[in-house]
> 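Structure in structure tokens, see below.
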Amino acid sequence: MIRKYTFGSPADTGAVVQSIPAEAGDLPFFSVSFPEGGEPGTVAFTLNLNPEDILWGLGETLRGMNKRGGRYRSWNVDETQHTDDRQNIYASHNLLVVFGPGRLFAVYLDDPGLVTWDLGFTRSDQAVITSANGDLNLYLLEEESLNELARSFRRLTGRSYLPPRWAFGYIQSRWGYASEEDIRTVVAEHRKRHIPLDGVCMDIDYMDGFRNFTWNRGTFPDLKGLNADLRRDHVRLIPIIDAGVKLEEGYAAYDSGVREDAFCKKADGSLFVAAVWPGRCCFPDFLNPEARAWFGDQYRPLLEAGVEGFWNDMNEPSLFYSDEGLAECFSVLDARKEGAGDAEIMGALRSALGSLANSPEDYRRFYHRVGDRLIRHDKVHNLYGAGMTRATAEGLRRFGPEKRWLLFSRSSFVGAHRYGGLWQGDNISWWQHLKLALQMLPNMNLCGFLFCGCDLGGFAGDTTEDLLARFLQLGVFTPLMRNHSAIHTRDQEIYRFSTWEKMRDTVTVRYALLPFLYSEFMKAALSDGLYFRPLAFDWSDDPRACRVEDQLLLGESCMIAPVLEPNALGRSVYLPEDMLMIRFRSAVDYDLIPLEKGDHYVELALHEFPLFVRKNRIVLLCPGGESAETLDDTRLTALGWIPDGAAYDFYRDDGTDPSPSPDQITRITAAAGPSLRRSFTAPKDFPECRIPDPAE
Ligand code: GLC
């Protein structure tokens with residue numbers, strides 16, 4: 001059951017696709033108040049918490065899976081310091097699930113402005129959600145189970161984005177690949193060593209002076225030719241596009257943006273200008289459908305060069321400084337010249353410089369045109385990245401309606417999950433960020449973002465060999481498996497390390513599992529389900545399972561529990577029921593260990609990692625390969641502990657159809673028996689396949 005309550009005059013955010021009439025009565029569970037002292041119109045919703053209540057949701061944000069005890073802000077920001085005391089990063093996903101004895105519901109605030117979430121921070125027995133604008137639709141969802149609740153939210157907000165199948169391959173990325181030669185070297189180093197690879201990301205260095213939709217003709221003289229060569233090798237180029245468009249007469253995207261009136265303006269009608277990588281930029285008005293259409297069309301030269309996937313960045317939008325902000329900063333610095341020698345000068349200078357980027361004043365300086373209304377940016381700030389994703393997805397669809405495109409973004413809002421995936425932004429090569437990545441995944445899934453992953457190895461800072469190895473072991477299971485790092489950090493490609501063969505073996509597991517993981521992903525997406533979820537979703541009566549913060553359910557039958565600490569040779573795992581542990585070293589080298597329900601310490605040397613499979617379920621391995629396109633998903637091996645037999649609905653499609661039918665299923669039944677491993681051939685386009693027990 002979904003109920004809707006309207007406060008103030010909400011903007012159309014595009015997050016919700018179901019039309020639900022607003023209720024006239026009081027809002028259940030919450031008390032509503034209008035706090036004084038904030039912005040006029042501010043509204044707060046207070047919920048009393050029981051000691052046992054667990055809170056999930058908020059998608060891509062900080063702290064653990066259970067959000068209770070922390071403070072959070074829905075305010076998209078370019079922020080690398082993903083530490084426990086931060087309240088917001090790149091995305092705002094305003095869904096909160098409340099689960100405790102006798103209570104199960106979710107609340108979604110369809111509010112594109114600032115929302116703060118005090119989830120037991122000020123008072124441990126209260127959650128207070130405050131909307132700064134007070135213009136919002138609030139949805140209350142109640143269902144019988146956690147999984148049904150998640151499904152109900154997805155039906156409210158629409159089906160998740162479907163990437164092409166090749167996007168499940170391994171992707172290598174680095175800020176700093178500056179030429180065709182750099183890219184060819186990366187591909188060659190992978191192929192030479194048989195490290196599987198499906199894509200190479202091109203960061204801002206490919207552009208001509210960081211101008212969107214251009215490339216440097218000196219360092220990339222023949223992008224189309226490069227792309228064609230790599231495609232023959234089953235590798236795709238994935239260029240970055242940033243939100244800001246360089247302000248420069250004579251530059252096509254700027255000129256046409258001005259002509260089409262596609263950029264955000266200030267109250268006086270002049271263009272809003274702020275600096276990002278290319279220097280002074282203008283910002284497309286992604287809330288305006290015509291501007292979106294114009295932006296989507298700008299991708300054409302890259303598409304004509306054969307590109308089939310993009311990552312969209314800096315779309316919070318990230319602002320290094322505005323003209324006005326810089327002028328104010330210089331005046332503060334000038335005024336301070338006199339006081340040189342004062343003790344506090346350091347603080348004053350630091351504060352003047354430190355408040356230049358992403359300043360709240362700048363977000364109040366420009367407007368969006370929606371119909372005949374002008375909306376000040378800060379009122380709808382969190383929609384910007386989602387609008388960019390939508391503009392891109394619609395442009396790609398116009399160019400190639402017959403296929404799926406790879407697209408993932410940094411900033412987002414609920415609704416963008418229908419148009420693209422997400423990466424978790426600029427993490428750091430820290431062990432804490434490995435755990436954080438894991439903990440964000442189920443909450444991002446709850447908010448509709450199924451195609452996601454983090455920068456494996458860590459973006460900022462120098463990774464270590466063991467950290468990269470453990471990151472890759474998580475990445476084997478994340479739909480987006482991308483190794484990405486920042487310029488001037490330690491080289492992070494697998495082949496740079498002395499144990500590259502072991503890390504390659506880890507990636508081979510991804511490729512052996514790829515048809516199975518793709519099947520699990522597509523079934524989840526097409527049925528509005530979850531690919532990753534907290535254990536509580538399937539064992540909500542098991543209080544131990546409900547509190548697990550470092551293991552995740554994957555698809556219908558699996559659980560992951562990566563090692564998250566340095567120098568560990570194993571870890572503790574809680575099994576809510578009997579499971580088979582597959583301890584992988586490579587696609588062909590693994591142990592099969594049945595484990596009973598309960599607590600276990602499992603030994604996992606540095607290059608070993610587990611996948612747990614529920615009893616009487618199977619997972620499928622294919623013979624592997626070096627690219628998603630060349631995998632054979634008919635010659636399979638089923639792994640499972642199946643004393644009572646198992647049945648699996650194996651989803652397969654052509655990997656590109658934008659409207660795939662969910663019935664592309666081969667039902668694989670495995671006869672009961674003691675063998676844990678059975679090889680078989682599963683015919684394509686055949687609805688059934690029976691695997692006997694080899695002992696039969
Ligand atoms: C941002 C992105 C990062 C990218 C860098 C340079 O920090 O988050 O992934 O490498 O910009 O484009």
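The figures that follow rest on heavy atoms only: side chains count, while hydrogens, waters and symmetry mates do not. We're numbering straight along the sequence, starting at 1. For ligands, and for the atoms within them, numbers begin at 1 and follow the listed sequence. A quick note: this is a predicted structure, and the numbers were derived from the prediction, not measured.
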> With heavy atoms under 4.0 Å as the rule, classify the contact between Trp423 and ligand 1 as side chain, backbone, both or neither.
side chain
> Can you list the atoms of ligand 1 that are under 4.0 Å from a heavy atom of Arg410?
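So the answer, numbered in order with elements, is 1 (C), 2 (C), 7 (O), 8 (O).
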> Hey, do the aromatic rings of Trp175 and Trp311 have their centres closer than 6.0 Å?
no
> Within ligand 1, which atoms have a heavy atom of Ile204 less than 4.0 Å away?
6 (C), 12 (O)
> Less than 3.5 Å between some nitrogen or oxygen of Asp313 and one of ligand 1, yes or no?
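Yes, since at least one N or O of Asp313 sits under 3.5 Å from an N or O of ligand 1.
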> Just checking Tyr495 against His190, ring centres under 6.0 Å apart?
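So the answer is yes for these two rings.
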> Looking only at protein heavy atoms, which one is nearest to atom 9 (O) of ligand 1, and how far off is it?
His484 NE2, 3.0 Å
> Arg482 to ligand 1: N or O pair under 3.5 Å?
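There is no such contact.
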> So is Trp311 polar-close to ligand 1, meaning N/O to N/O under 3.5 Å?
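No, Trp311 has no N/O under 3.5 Å of an N/O on ligand 1.
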> Aromatic rings Phe272 and Phe283: how do their planes relate, parallel, tilted or perpendicular, breaks at 30° and 60°?
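Phe272 vs Phe283 ring planes: tilted.
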> Without hydrogens or angle criteria, can the side chains of Thr489 and Arg174 be said to hold a donor-acceptor pair below 3.5 Å?
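Side-chain D/A pair, Thr489 to Arg174: present.
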> Please write down residue, atom name and distance for the protein heavy atom closest to atom 5 (C) of ligand 1.
Trp175 CE3, 3.7 Å
> If you count the non-hydrogen atoms of other residues, nucleotides and ligands that lie under 6.0 Å from CD in Glu181, is the total more than 12?
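Atom CD in Glu181 is not packed in, count stays at 12 or less.
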> I'd like to know whether NZ of Lys224 has more than 12 heavy-atom contacts from other residues, nucleotides or ligands below 6.0 angstrom.
no
> Against heavy atoms of Asp203, which atoms of ligand 1 measure under 4.0 Å?
4 (C), 6 (C), 10 (O), 12 (O)
> Closest heavy-atom contact between Ile171 and Cys201?
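Shortest heavy-atom separation between Ile171 and Cys201 comes out as CG2-SG, 3.8 Å.
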> Out of Asp426, Asn427, Ile487, who gets a non-hydrogen atom closest to atom 3 (C) of ligand 1?
Asp426
> Any side-chain donor-acceptor pair under 3.5 Å between His93 and Ser412?
yes
> With heavy atoms only and a cut-off of under 4.0 Å, state how Asp455 meets ligand 1: side chain, backbone, both or neither.
neither
> With atoms numbered from 1 as shown, which atoms in ligand 1 lie under 4.0 angstrom from a non-hydrogen atom of Ile240?
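Under 4.0 Å from Ile240, ligand 1 has these atoms: 12 (O).
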